[in-house]
Amino acid sequence: MLKGEDVIFCDLSEDETLFQGYGDYQFDVYRQMKAATGNNWRMFHSVTNVYWMKYLADKILKTKTFPGKRGSKPSVTTFKKDLMNFCDRCSDYYSAIQMVLTDPLFTEYSTQHQSP
């Protein structure tokens, strides 16, 4: 991100504890990001957004409950399966833009929910 000609970024290398944590997938994401960026946080690395998209999908799967109405269980089950498959495909992408434009989770959903 730029402000004028200055790059605005958060230098995560200043907080090593981010990369030492365990017990939540979030810490794995920080370690993946550190490897992808070479611990140089000034430069933009599009794949880091992919890591966070997978993290969010994983969080939804592991922490969200889906209390459905009667008869809605198959759609909830389908959604969970689609989200698990999405997590499996995340490593195929190099950017969130590529992911949103090409992954079936987004392309099929948008096709199914277009206005007439």
Side-chain angles (χ1 to χ4, degrees):
M1 183 184 314
L2 295 175
K3 182 176 182 181
E5 293 184 21
D6 296 325
V7 176
I8 300 172
F9 68 101
C10 183
D11 190 357
L12 299 183
S13 68
E14 295 176 358
D15 185 359
E16 274 300 313
T17 61
L18 289 173
F19 311 104
Q20 298 168 352
Y22 288 93
D24 191 305
Y25 180 47
Q26 172 182 355
F27 297 113
D28 295 328
V29 172
Y30 280 119
R31 285 186 283 276
Q32 291 171 345
M33 290 172 46
K34 183 178 181 179
T37 64
N39 211 24
N40 177 356
W41 301 95
R42 183 176 176 78
M43 300 294 296
F44 175 69
H45 299 272
S46 60
V47 73
T48 60
N49 291 325
V50 173
Y51 300 154
W52 285 118
M53 296 280 282
K54 181 178 180 181
Y55 169 79
L56 292 172
D58 184 74
K59 259 313 186 199
I60 290 169
L61 285 168
K62 291 183 177 166
T63 63
K64 178 76 176 143
T65 57
F66 298 91
K69 297 177 184 173
R70 269 186 196 207
S72 69
K73 191 153 178 115
S75 63
V76 169
T77 303
T78 300
F79 174 73
K80 285 183 174 183
K81 183 179 176 186
D82 289 347
L83 208 50
M84 287 188 317
N85 290 335
F86 167 74
C87 285
D88 291 341
R89 292 187 302 270
C90 280
S91 61
D92 297 341
Y93 301 109
Y94 59 85
S95 74
I97 292 172
Q98 178 204 25
M99 176 187 287
V100 170
L101 292 177
T102 62
D103 191 84
L105 183 69
F106 300 101
T107 59
E108 290 175 12
Y109 179 83
S110 71
T111 303
Q112 293 169 5
H113 295 84
Q114 286 181 350
S115 300

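Starting from 1, each residue takes its place in the sequence as its number.
- For the atom pair Trp52 CH2 and Met33 CE, the distance stands at 6.0 Å (nearest 0.5 Å).
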**OP:** For the pair Trp41 and Asn39, evaluate side-chain contact (heavy atoms from CB on, under 4.5 Å) and give the outcome as yes or no after the intermediate values.
**Re:** CA-CA 6 Å; Trp41 301 95; Asn39 211 24; 2.8 Å; yes
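- Annotation for Val100 and Thr107: closest pair O-CG2, 4.2 Å, computed over non-hydrogen atoms.
- A chain of hydrophobic side-chain contacts below 4.5 Å, direct or via other Ile, Leu, Val, Met, Phe, Trp or Tyr residues, connects Ile60 to Phe86.
- Of all non-hydrogen atoms in Pro104 and Tyr93, the two that sit nearest each other are CD-OH, 4.4 Å.
- You'll find the side chain of Tyr55 reaches within 4.5 Å of the side chain of Asp24, heavy atoms only.
- Taken from CG in Asp11 to CZ in Arg42, the straight-line distance is 10.0 Å, to the nearest 0.5 Å.
- By the criterion of side-chain heavy atoms lying less than 4.5 angstrom apart, applied directly or through intervening Ile, Leu, Val, Met, Phe, Trp or Tyr residues, Phe27 is not grouped with Val50; the two fall into different hydrophobic clusters.
- Here the closest non-hydrogen pair linking Met99 and Phe106 is O-CD1, 3.7 Å.
- More than 12 heavy atoms of other residues, nucleotides or ligands sit less than 6.0 Å from atom CG of Leu56.
- In the hydrophobic clustering of ILVMFWY residues, with side-chain heavy atoms under 4.5 Å counting as a link, Tyr94 and Met53 come out apart.
- Placement of Leu105 and Ile97 in two distinct hydrophobic clusters is found when ILVMFWY residues are connected by side-chain heavy-atom separations under 4.5 Å, directly or transitively.
- Here Gln20 contributes atom CD and Asp15 contributes atom CG; the two are 8.5 Å apart, rounded to the nearest 0.5 Å.
- Under the 6.0 Å cut-off for aromatic ring centres, Phe9 and Phe44 do not qualify, their centroids lying 6.0 Å or more apart.
- Residues Arg31 and Gly21 come closest through the heavy atom pair NH1-O, 2.8 Å.
- Once rounded to the nearest 0.5 Å, the distance linking CZ of Arg89 with CE of Met84 reads 11.5 Å.
- With salt bridges taken as basic N to acidic carboxylate O contacts below 4.0 Å, one links Lys62 and Asp58.
- When every heavy atom of Val29 is checked against every heavy atom of Tyr51, the shortest pair comes out as CG1-CB, 3.9 Å.
- Proximity of Lys34 to Glu16: side-chain heavy atoms (C-beta onward) are separated by under 4.5 Å at one or more points.
- The CZ atom of Phe19 sits 8.5 Å away from the OG1 atom of Thr17 when rounded to the nearest 0.5 Å.
- The distance from atom CD of Gln98 to atom CG of Asn49, rounded to the nearest 0.5 Å, is 12.5 Å.
- Here the closest non-hydrogen pair linking Thr37 and His45 is CG2-CD2, 3.4 Å.
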